[in-house]
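Only one structure is covered here, and it is reproduced in the block below.
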Amino acid sequence: LERMEREVLVLFERQSRTMLERLRNATNAKTWAEAAHTLKGSALGIGAFGVAQAAEAVECDQVDHLSSRAWDDLARLESAVAEANGFIATLLRAA
């Protein structure tokens, strides 16, 4: 991996953890939607399309962000992020 690629992947890992934490602690629809939207954009930027798709579903839940469906979507997003970050970790170790 090139230096810049490594930096982008490390930034995604860090930001994804931060955005998931914001989602878990969101007290209003605006905070929820902004965190999901940010994560979706970051995921698209590195080609993590599964994360982006899951983040979009979470973003669409903003009005009902306390519903069980929203929390199920968040769980799917957390799983997608964990998978992507695991793949990133493997890439970084191999580089």
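Since the model is a prediction, treat every value here as computed from it, not as a measurement. Worth knowing before you read on, the calculation uses all heavy atoms, side chains too, and leaves out hydrogens, waters and symmetry mates.
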Of all heavy-atom pairs linking Trp71 and His65, the shortest is NE1-O, 3.4 Å
Scanning both residues in full, the closest heavy-atom pair of Ala33 with Gln62 reads CB-OE1, 3.1 Å
Check your understanding: Between the side chain of Asp64 and the main-chain N/O of Ser67, is any donor-acceptor distance below 3.5 Å?
Key -> no
Check: Do side-chain atoms of Arg6 reach the backbone of Leu1 as a donor and acceptor pair under 3.5 angstrom?
Finding: no
When rounded to the nearest 0.5 Å, the distance separating CH2 of Trp32 from CE of Met19 is 13.5 Å
Checking Val58, Asp61, Asp73 against Leu23 for side chain to side chain contact (heavy atoms under 4.5 Å, CB included), the one that qualifies is Val58
Linking I/L/V/M/F/W/Y whenever their side-chain heavy atoms sit closer than 4.5 Å, directly or via other members, would Val81 and Phe87 fall into one cluster? yes
Distance col, row Arg76:CZ vs Asp72:CG, nearest 0.5 angstrom, shows 5.5 Å
One should read off an interatomic distance between Glu56 CD and Phe49 CZ, to the nearest 0.5 angstrom, of 13.0 Å
Hits for side-chain contact (heavy atoms from CB on, under 4.5 Å) against Glu7, two or more places apart or cross-chain, chain-then-number order -> Arg3
Looking only at heavy atoms, the pair that brings Ala80 and Val51 closest together is O-CG2, 3.4 Å
Rounding to 0.5 Å, atoms CD1 (Ile46) and CD (Glu13) come to a distance of 8.5 Å
**Message:** Quick check on Glu21: does its CD atom have over 12 non-hydrogen neighbours (other residues, nucleotides or ligands) under 6.0 Å away?
**Reply:** yes
> Taking NZ, NE, NH1 and NH2 as the nitrogens, is one of them in Glu34 or Lys30 under 4.0 Å from a carboxylate oxygen of the other?
Replying inline: yes
query: Within the distance-only criterion (no hydrogens, no angle test), does the side chain of Thr31 pair as donor or acceptor with the backbone N or O of Thr27 below 3.5 angstrom?
result: no
**Asked** Mind checking whether Met4 and Leu9 sit in one hydrophobic cluster, side chains of I, L, V, M, F, W, Y counted as touching below 4.5 Å?
**Response** yes
- Query: Do any N or O atoms from the side chain of Ser42 and from the backbone of Thr38 form a donor-acceptor pair under 3.5 angstrom?
  - Reply: yes
Without swapping roles, check the side chain of Gln53 against the backbone of Gly50 for a donor-acceptor pair under 3.5 Å.
no
Quiz question: by atom type and distance under 3.5 Å, do the side chains of Asn85 and Ser16 form a donor-acceptor pair? yes
